[in-house]
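Every chain is numbered from 1 and lettered A, B, ... according to where its sequence line falls, protein lines coming before strand lines.
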Amino acid sequence: MTDTPLLHVDMDAFYASVALRERPDLVDEPVVVGGSGRGVVLAANYVARRYGIRSALPMARVRRLCPHVVVLPPDYDTFTTVSASVMETFREVTPLVEAMSLDEAFLDVRGSVRRLGPPEQIAEQLRSRIHDEQGITCSVGVAWSVSVAKVASRRAKPDGVVVVRPAEVTTFLHPLDVGELYGVGEKTRTLLHRASYVTVGDLAHTPVPTLQRAFGRHLGAHLHQLAWGTDRTELVPQAGPHEPERSMGADETFARDTADREAIVRELLRLSARVGGRMRAAGVVGRTVTLKVRFSDFTTITRSHTLPEATDVTVEVHRAVTRLYDALGLRRERLRLVGVRVEGLVPRTAVQRQLVLGEPEHGWEEADRAVDRATRRFGSAAVRPASLVRGRGRTNESEIFPGRLP
DNA sequence: TCTGGGGTCCTAGGACCC
DNA sequence: TCTGGGGTCCTAGGACCC
């Protein structure tokens with residue numbers, strides 16, 4: 001408890017590094033992995049970064065910064081496979097692995113020191129194993145709290161290790177800009193700077209009540225902990241039957257902004273089907289359905305509705321978001337994006353679905369199950385609601401599963 | 001052709017209940 | 001007659017992470 005060395009392992013430019021394994025001829029060229037059209041950069045190799053290219057930059061700006069940049073499409077199947085192997089390597093070091101995403105994880109190595117040596121030695125072992133086995137590099141932060149390990153790995157990039165022992169925390173952290181802290185983003189950084197908190201040391205030497213008055217009870221206390229590296233040390237490993245996710249959602253940006261209700265309702269159906277399918281695959285149901293709408297000017301609103309009973313039924317989710325959409329009363333406003341999310345998820349086994357004799361509603365569950373079976377056999381492209389197959393035309397529930405009317 | 005898609009957590013107000 | 005206070009649920013928005 002008092003001595004829990006943590007490793008934060010972070011792949012360097014993960015998607016780009018994996019993509020470049022297939023294209024070694026491009027390693028010295030500026031390369032980004034990203035979508036086409038209205039997409040953004042998912043990863044940029046270090047050559048591209050010399051042009052100022054960063055993750056999340058719009059592709060249009062990337063081409064302006066570096067006209068000869070090579071753009072590779074993301075291959076999520078390969079990313080997922082490589083990630084699984086890397087995580088497996090982590091678990092050979094310690095079972096206490098908290099995966100943060102495909103390309104990064106925290107490792108609690110307190111139980112591994114006896115077997116494998118001090119934390120920095122474990123870090124180097126991991127780095128050479130991943131390099132040899134996967135052909136990609138990673139960086140490791142070694143520290144005694146989550147946020148310090150995270151900041152350390154960032155400063156170790158690329159292809160390095162940074163160790164911050166407990167006695168070194170203040171020397172390491174306090175000169176840094178507040179924006180370097182894990183959990184302080186652009187907005188909070190600006191807020192802090194405007195209030196004359198520029199370095200981490202500035203925060204550290206301010207009493208907690210003062211910070212709480214200025215930034216809220218929770219954020220104020222949290223900032224103080226971050227500034228002293230006294231945030232959490234216990235990891236949450238995802239081993240075994242982990243608790244279900246709290247929400248599942250899907251959203252999509254239109255290729256072109258649209259105000260056409262038919263197109264929007266059709267898109268909501270696609271998204272509802274995607275979310276419903278994932279919920280059923282995970283065995284969860286949820287009661288709160290949320291619609292997300294982003295307008296042309298990028299302002300974004302959400303509207304949610306809590307159903308009397310939890311559901312995983314595509315048609316019920318779709319009906320709820322369509323009602324929320326219609327209640328907005330939009331006329332000419334063009335939409336850039338719509339999204340569907342279901343929150344408050346619980347295992348399906350935990351809720352007793354109300355059985356109402358003669359209620360037609362529940363026939364949709366069978367229809368969903370049929371779709372799920374077909375999807376498993378033939379792939380998602382093969383099975384879709386009828387109103388999505390026809391390019392245009394009316395969209396109503398009776399069209400969605402022709403021949404399977406309850 | 002500026003700005004993706006998947007999440008988590010926090011805040012704050014109002015309803016409602018005790 | 002100046003009128004409390006806590007807990008929970010619902011809704012909307014916002015910040016942050018990768």
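Between A:S272 and A:T314, the side chains place no donor N or O within less than 3.5 Å of an acceptor N or O (distance only, hydrogens not considered). A donor-acceptor contact under 3.5 angstrom links the side chains of A:R294 and A:T300, judged on distance only.
As judged by a 4.0 angstrom heavy-atom cut-off over every strand, A:L102 is placed among residues making no nucleic acid contact. Residue-level contact check: A:T290 touches neither bases nor backbone, having no heavy atom under 4.0 Å from any strand. Residue A:R287 is in sugar-phosphate contact alone, with no base atom involved, counting any heavy-atom pair closer than 4.0 Å across all strands shown. Among the atoms of the strands shown, only primed sugar atoms or phosphate atoms (P, OP1, OP2) are found under 4.0 Å from some heavy atom of A:L337.
For C:dG4 and B:dC16, the C1' atoms lie 16 Å apart once the distance is rounded to whole Å.
With rounding to whole Å, A:E245 atom CD is found 15 Å from B:dC9 atom C1'. Nucleotide B:dC10 holds its C1' atom 9 Å from the CG atom of A:L219, rounded to whole Å. Across the protein-nucleic acid pair, A:H218 atom NE2 and B:dC9 atom C1' stand 8 Å apart, rounded to whole Å. Taking atom CG of A:D103 as the reference point, atom C1' of C:dC17 lies 12 Å away to the nearest angstrom.
Closest to the side chain of A:P58, out of C:dT11, B:dC2, B:dG4, is B:dC2.
Using cut-offs of 30° and 60° for the angle between ring planes, the A:F106 and A:H8 rings count as tilted.
A:D251 has no carboxylate O lying under 4.0 Å from a charged side-chain N of A:R341, or vice versa, which leaves the two without a salt bridge.
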